[in-house]
Amino acid sequence: MKLTIITPQGVTTQDADKVSLPGSRGSFMVLQGHAPLISSIAKGKVSYEYRGVEQVLEVDGGLVEVSDNAVKIVVERQIS
């Protein structure tokens with residue numbers, strides 16, 4: 001999947017096999033072929049993995065859009 005993360009610090013684009021998000025109603029994971037969705041995300045950790053290497057980003061909330069094997073995350077504030 002193509003993952004795009006938009007923060008006040010800039011834009012990052014990379015490949016990801018899975019993305020875990022702190023949804024406002026509970027955590028959820030996005031994998032290849034996920035159904036389209038738009039959701040708010042809560043304060044917490046966004047983690048994404050590509051070829052067995054995991055990256056973690058702490059955020060203060062935002063939005064996520066999933067469509068056509070692309071995940072776009074817009075965060076209000078990156079904590080770390």
**Q** Are Leu21 and Leu37 connected, step by step, through hydrophobic side chains (Ile, Leu, Val, Met, Phe, Trp, Tyr) whose heavy atoms are closer than 4.5 Å?
**A**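 Same hydrophobic cluster.
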**Q** Sequence neighbours left out, what pairs pass side-chain hydrogen bond (donor to acceptor under 3.5 Å, both in side chains) with at least one residue falling in residues 26-38?
**A**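 Found none.
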**Q** Going by side chain to side chain contact (heavy atoms under 4.5 Å, CB included), Ile73 matches just one of Ile41, Thr7, Thr4. Which one?
**A**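 Single side chain to side chain contact (heavy atoms under 4.5 Å, CB included) partner of Ile73 among Ile41, Thr7, Thr4: Ile41.
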**Q** Can you list, by chain and residue number, the hydrophobic cluster partners of Leu31 when the side-chain cut-off is 4.5 Å?
**A**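 Grouped by the 4.5 Å side-chain rule, Met29 form the rest of the cluster around Leu31.
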**Q** Tell me, which pairs form a side-chain hydrogen bond (donor to acceptor under 3.5 Å, both in side chains) where one or both residues lie in residues 10-25, sequence neighbours left out?
**A**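 Residue pairs passing side-chain hydrogen bond (donor to acceptor under 3.5 Å, both in side chains), neighbours aside: Ser24-Ser40.
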**Q** Provide the full list of side-chain hydrogen bond (donor to acceptor under 3.5 Å, both in side chains) pairs with a residue in residues 61-70, sequence neighbours left out, each pair given once.
**A**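 Qualifying pairs, neighbours excluded: none.
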**Q** Compile the donor-acceptor pairs under 3.5 Å between side chains in residues 46-56 and protein atoms, sequence neighbours left out, one pair per line.
**A**
none

**Q** For Lys72, check salt bridge (charged side-chain N to carboxylate O under 4.0 Å, His left out) against everything at least two apart and list the hits.
**A**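 Salt bridge (charged side-chain N to carboxylate O under 4.0 Å, His left out) list for Lys72, sorted by chain: empty.
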**Q** Could you pull out the closest heavy-atom pair between Gly23 and Phe28, with the gap in Å?
**A**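 Here Gly23 and Phe28 meet closest at CA-CE2, 3.7 Å.
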**Q** Hey, what else clusters with Val74 if you join Ile, Leu, Val, Met, Phe, Trp, Tyr whenever side-chain heavy atoms sit under 4.5 Å?
**A**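 Other cluster members: Ile6, Val11.
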